[in-house]
Engineer: 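Structure below; questions to follow.
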Amino acid sequence: GENVEQHPSTLSVQEGDSAVIKCTYSDSASNYFPWYKQELGKRPQLIIDIRSNVGEKKDQRIAVTLNKTAKHFSLHITETQPEDSAVYFCAASTDTGRRALTFGSGTRLQVQP
Amino acid sequence: EPEVTQTPSHQVTQMGQEVILRCVPISNHLYFYWYRQILGQKVEFLVSFYNNEISEKSEIFDDQFSVERPDGSNFTLKIRSTKLEDSAMYFCASSLQGNTEAFFGQGTRLTVV
C-alpha cells in the first residue's frame, strides 16, 4: 500500500520568512495530493491540493509543487505569519488503489513573531 | 457552509465496553470515512464506506470495529470491546467522490480507562 514520508517533523521560522515542508510517496499510481492544516485540538482542514497532471499550484502565500518522477511534493508558505503556526499534514490517494487518504506524519510549524 | 458533525465531542469509557461514535456527513457526499489520530501522531485511515457498504479498510480496522449507516444521514463507528490503545481522536470525513477533497468533522476524543 501507499506510504507517505514527511519532513521535517518540526520547523521554526521567523515571521516573514518562508517555510518548506517536503513529502515523498511510494505508490506511483497516487494522483491526488492534498495538504491539511491542523490547529491544536481542531479538525484537519484542507489548505491546498494538487493532482498529478499539474506540476505546481499556488494560492496567495501557499504553493505546492509536485515531481511525479521523483515521487515527491512540497508545500511552500511565503511571508509566514504567527497564525500559520499549526501542524501540517501531507496526504496522497489514488483512483486505482486506496481512494482514502494516506497521511504523512506531520510537521509542526512554529512562526516566531 | 455545510460541515461534517460528530457526537459526542468527548467519550470516556471503561475498558471492555462498547462505544458508538456518531457522524453526520455532508448531505450530498457519497463517500464516508473514519480516521483516528493518537495524541501527537499522524492521522490514520480506518475505513471508507460507499454505496451502503465498506469500500476499503485498513489493517487497524479489525473485527472489533464496525460501521453502519442506520438512516439517510448518520454514519456510525462501533468499537465492540474497547482497549486502552483505542484511546485516540476519531475523525469522520466525507467527500463528494473518492480520491477528492475530504471534509473532516471536529472529532470525538475517546478515552478508554
Side-chain angles (χ1 to χ4, degrees), chain A residues 1-10 21 23-54 57 59 64 86-108 110, chain B residues 1-7 9-10 23-26 29-51 53-61 67 75 77 88-109:
Chain A
E2 175 67 282
N3 183 47
V4 179
E5 301 283 340
Q6 181 173 349
H7 60 94
S9 57
T10 60
I21 303 170
C23 288
T24 60
Y25 60 98
S26 62
D27 187 351
S28 56
S30 288
N31 60 358
Y32 176 62
F33 307 95
W35 286 88
Y36 283 82
K37 176 182 180 182
Q38 187 179 31
E39 296 175 356
L40 191 61
K42 301 281 185 67
R43 73 186 81 192
Q45 293 200 292
L46 181 78
I47 54 171
I48 196 167
D49 57 8
I50 192 168
R51 292 203 172 267
S52 58
N53 57 347
V54 175
K57 185 176 177 181
D59 182 4
V64 56
V87 179
Y88 292 80
F89 291 96
C90 62
S93 62
T94 171
D95 284 324
T96 56
R98 172 165 290 174
R99 296 188 175 201
L101 297 170
T102 299
F103 282 86
S105 53
T107 296
R108 182 172 300 279
Q110 184 71 41
Chain B
E1 185 176 330
E3 60 177 27
V4 177
T5 57
Q6 290 184 243
T7 53
S9 56
H10 191 189
C23 169
V24 179
I26 294 173
H29 284 187
L30 302 178
Y31 285 79
F32 315 127
Y33 312 89
W34 283 101
Y35 291 85
R36 79 172 185 191
Q37 186 177 33
I38 295 169
L39 188 63
Q41 298 186 24
K42 69 177 175 181
V43 179
E44 299 176 291
F45 168 69
L46 294 178
V47 65
S48 61
F49 195 84
Y50 170 71
N51 202 25
E53 61 182 22
I54 290 174
S55 60
E56 52 187 348
K57 57 184 180 180
S58 74
E59 53 280 356
I60 301 170
F61 193 86
V67 289
F75 179 51
L77 174 70
M89 181 74 92
Y90 287 80
F91 289 105
C92 174
S94 69
S95 63
L96 192 57
Q97 299 172 19
N99 200 31
T100 57
E101 178 183 357
F103 292 80
F104 282 77
Q106 78 277 27
T108 293
R109 181 166 297 285

Engineer: Rounded to the nearest 0.5 Å, how far apart are OG of Ser93(A) and CZ of Phe45(B)?
Structural biologist: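 With rounding to 0.5 Å, OG (Ser93(A)) is 11.0 Å from CZ (Phe45(B)).
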Engineer: Any chance the rings of Tyr35(B) and Tyr90(B) have centres within less than 6.0 Å?
Structural biologist: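 No, they do not, as the ring centres are separated by 6.0 Å or more.
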Engineer: With chain A as the partner, which of Ala93(B), Ala102(B), Gly98(B), Gly105(B) has the greatest number of non-hydrogen pairs under 4.5 Å?
Structural biologist: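 Heavy-atom pair counts peak at Gly105(B).
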Engineer: So for Ser58(B), is it side chain, backbone, both, or neither that comes closer than 4.5 Å to the heavy atoms of chain A?
Structural biologist: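 Interface part for Ser58(B): both.
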Engineer: Counting only non-hydrogen atoms closer than 4.5 Å, does Phe91(B) touch chain A with its backbone (N, CA, C, O), its side chain (CB onward), both, or neither?
Structural biologist: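 Looking at Phe91(B), just its side chain touches chain A.
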Engineer: Do Tyr25(A) and Asn3(A) meet the criterion of a side-chain donor-acceptor pair at a distance under 3.5 Å?
Structural biologist: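 Not at all, the side chains of Tyr25(A) and Asn3(A) share no donor-acceptor pair under 3.5 Å.
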Engineer: Please flag which part of Pro34(A) lies under 4.5 Å from any non-hydrogen atom of chain B: side chain, backbone, both or neither.
Structural biologist: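 Neither part.
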Engineer: Might you work through the side chain to side chain contact (heavy atoms under 4.5 Å, CB included) test for Thr94(A) and Glu2(A), ending with a clear yes or no?
Structural biologist: CA-CA 9 Å; Thr94(A) 171; Glu2(A) 175 67 282; over 6 Å; no
Engineer: Considering only heavy atoms, which portion of Thr100(B) lies under 4.5 Å from any heavy atom of chain A: side chain, backbone, both, or neither?
Structural biologist: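 Both backbone and side chain.
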Engineer: With a 4.5 angstrom heavy-atom cut-off, which part of Arg108(A) approaches chain B: side chain, backbone, both or neither?
Structural biologist: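 Answer is neither: Arg108(A) stays 4.5 Å or more from chain B.
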Engineer: Given the options Gln38(A), Arg43(A), Gln6(A), Lys42(A), which has more heavy-atom pairs under 4.5 Å with chain B than any of the others?
Structural biologist: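 Ranked by heavy-atom pairs under 4.5 Å with chain B, first place is Arg43(A).
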Engineer: Side chain of Glu44(B), backbone of Gln37(B): donor and acceptor closer than 3.5 Å?
Structural biologist: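 Absent.
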Engineer: Can you see which heavy atom on Phe89(A) is nearest to which on Gln41(B), and at what distance?
Structural biologist: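 Scanning both residues, the minimum pair turns out to be CZ-O, 4.1 Å.
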Engineer: By a 4.5 Å heavy-atom criterion (distance strictly below it), what part of Tyr50(B) contacts chain A: side chain, backbone, both, or neither?
Structural biologist: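 Neither the backbone nor the side chain of Tyr50(B) comes within 4.5 Å of chain A.
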